[in-house]
Amino acid sequence: MAERLLTFSIFRYNPATPEIAPRMQEFQLDETPNMTLFIALNRLREEQDPSLMFDFVCRAAVCGSCGMLINGRPGLACKTLTQDLPDRITLMPLPVFKLVGDLSVDTGVWFRQLNENLEAWIHTDKEFDPKSPEERMDNALAQEIYEAERCIECGSCIAACATANMRADFVGAAGLNRIARFLIDPRDERSPQQVFEVVGTDEGVFGCIGLMACDDICPMEIPLQQQLALVRRKMAWAGLKGK
Amino acid sequence: MYLQKTLAKSPRWEAGTELVELFTGLFLLGFLQFHLFAVSSIILGQETFNRDSQFLDEYYISYIGIPLVILAILVHGLAAMRKAPWRVEEMRIFLQHSRRLQHLDTWAWLAQILTGLGVLVLSAIHIWSTLSTWPIEAAKSALRVQSGHFSLLLALLVLAEIHAMLGLYRILVKWSWVHRQKFTKYLVYATLGLVALGFVALVVFYFTSVKV
Ligand code: HEM
Ligand code: SF4
Ligand code: FES
């Protein structure tokens, strides 16, 4: 493969120096075989501009911290190979989340708030007995729950969603997928009616207009269309049935 | 806690509005196809068309149906447009987001808003002009098509079918368990087929001889 010279156009802004307006800055870098955006950004920081801010932890599509807009589309930078991109690569931070600086955003606070609002934990009155054997669960159901649990909270689906971009209080696909997980888990004793009070709203599942960018973009390929529809059906049904 | 939000928050109302949008949309979808097939009876001749029209008239279907459809359009429009980007800031966010993302389904929503608004305006003109020459007869309709309404009706046909099929797509995406890749192409075929049928009906009207 002939070596390419890549041009990166990178969003720059540091909230600590608000006198410098947000801008796009260009960098050039020669491409090496199997180069990921993780490698490219680290080289840019080492060789050209030590002030460049971006996040990586696991660099293996596990931690979800490297989400950014790659040529306009949300994705994981550590998983993206430059060979799949054109010569010109535009990088911007994810929208919706609070900007830390340049390409770095704070998804943690957003997801923590979401999980608190949705009370995303098992609600049960059962006493936990550490000595008793674990309750058995049907394998198919365990798989279904696991499917939703694969979310790494990267925020790509939120950034890809026009509704989440326009309306700050919308829970988005990650939130609805999370609720789907608890709706199908028999250990969670919340009734659909109880969940309805939190999710059967315009900030919840009925705020979703089915744009499906989440489903197309999720780097974990969680079947978000089906997860969202499941929550929608359960919530509509709970609303119709009443208390 | 915020007083006004806590007092006003009603999942029941918000879910109810979504269901109103769904069922008025489905009702209009059914009506639109029924209307298309009824009008297309002109292809079989003026007598068939007039017989259908008289049938709907005689059993009061027109007198119940037309007000219901007008009401459904208004209620549906209001319920469905509640999610549209109304504020200037929202509009700019939506457009900038769509342009960055270049994602077909996101553009499709904009198309649905615009076709919906188009249908609202054109259907008002269409309903007005039809009611003002009541009852519906093939000769009167043909005269209307030949005296300048051809392009208006063609535009209404195309906008309404695109809007309705996007709506059906949206309903299946939002409520069904089938992945959208499985049904998208059939909806595209259906749209093309229905628009073609309507177009043929319009052309037949255009060449129907009107004795004055
Ligand atoms: C021939 C008349 C019409 C038909 C057959 C029709 C059909 C539909 C259907 C089936 C849906 C999907 C409903 C859902 O997602 O729950 C829909 C959505 C929509 N309709 Fe209509 N509609 C018509 C007229 C209108 C008019 C007059 C307007 C606006 C003024 C409008 C605006 C919308 C919008 C904005 C949506 C998207 C709603 C969303 O974001 O969820 N429609 N329509
Ligand atoms: S659902 Fe997918 S896109 Fe959304 S946060 Fe989880 S892993 Fe990321
Ligand atoms: S660095 Fe952990 S997902 Fe990319």
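Convention: sequence-line order gives letters A, B, ...; per-chain numbering from 1.
Heavy atoms from other residues, nucleotides or ligands lying under 6.0 Å from CZ of A/Arg150 number more than 12. For CH2 of B/Trp134, the number of neighbouring non-hydrogen atoms (other residues, nucleotides, ligands) closer than 6.0 Å is greater than 12. Heavy atoms of other residues, nucleotides or ligands lying less than 6.0 angstrom from OH of B/Tyr189 number 12 at most. No more than 12 heavy atoms of other residues, nucleotides or ligands shown are found within 6.0 angstrom of CH2 on A/Trp237.
No side-chain heavy atom of B/Glu18 sits less than 4.5 Å from a side-chain heavy atom of A/Asp202. The closest side-chain heavy-atom distance from B/Arg180 to A/Asp216 is below 4.5 Å.
Of the charged side-chain nitrogens involved, none lies within less than 4.0 Å of a carboxylate oxygen, so that B/Lys9 and A/Glu197 do not count as a salt-bridged pair.
The contact between B/His97 and chain A is made entirely by side chain atoms (from C-beta outward), counting heavy-atom distances below 4.5 Å. Both the backbone and the side chain of B/Leu101 come within contact range of chain A, with heavy atoms under 4.5 Å apart. At a 4.5 Å heavy-atom cutoff, the contact between A/Asp215 and chain B is made by backbone and side-chain atoms alike. Using a 4.5 Å cut-off between heavy atoms, B/Leu110 makes no contact with chain A at all. Heavy atoms closer than 4.5 Å to chain B are found in the side chain of A/Leu69, but not in its backbone.
Near-neighbour residues of residues 99-123 of chain A relative to chain B, defined by a heavy atom under 4.5 Å from a heavy atom of that chain, are none.
Residues A/Arg233 and B/Trp175 approach most closely at NH1-O, 2.7 Å, considering heavy atoms. B/Leu19 approaches A/Ala236 most closely through the heavy-atom pair CD2-CB, 4.4 Å. The shortest heavy-atom contact between A/Gly210 and B/Val173 is O-CG1, 4.0 Å.
Distance CD1/A/Ile209 to OG1/B/Thr106: 8.5 Å, rounded to 0.5 Å. One distance of note links OG1 of A/Thr163 with CZ of B/Phe94; it measures 8.5 Å at 0.5 Å rounding. The distance from the CG atom of A/Asn165 to the CD atom of B/Gln96 is 10.0 Å, given to the nearest 0.5 Å. Of the inter-residue distances, the one linking B/Ser176 atom OG with A/Arg232 atom CZ reads 11.0 Å to the nearest 0.5 angstrom.
Top candidate by heavy-atom pairs under 4.5 Å with chain B, chosen from A/Gly239, A/Pro223, A/Gly204, A/Cys161, is A/Cys161. Of the listed residues (B/Glu89, B/Arg100, B/Gln112), the greatest number of heavy-atom pairs within a distance under 4.5 Å of chain A belongs to B/Arg100. With chain B as the partner, the residue from A/Arg167, A/Met92, A/Gln225 showing the most heavy-atom pairs under 4.5 Å is A/Gln225. Ranked by heavy-atom pairs under 4.5 Å with chain B, the list A/Arg73, A/Met235, A/Glu203 is led by A/Arg73. In terms of heavy-atom pairs under 4.5 angstrom with chain A, the leader among B/His179, B/Arg170, B/Gln102 is B/His179.
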A/Leu240/B/Arg12 under side-chain contact (heavy atoms from CB on, under 4.5 Å): CA gap, chis, key distance, verdict: CA-CA 8 Å; A/Leu240 286 173; B/Arg12 222 144 263 106; over 6 Å; no
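Without hydrogens or angle criteria, B/Lys83 side chain to A/Phe206 main chain gives a donor-acceptor distance under 3.5 Å.
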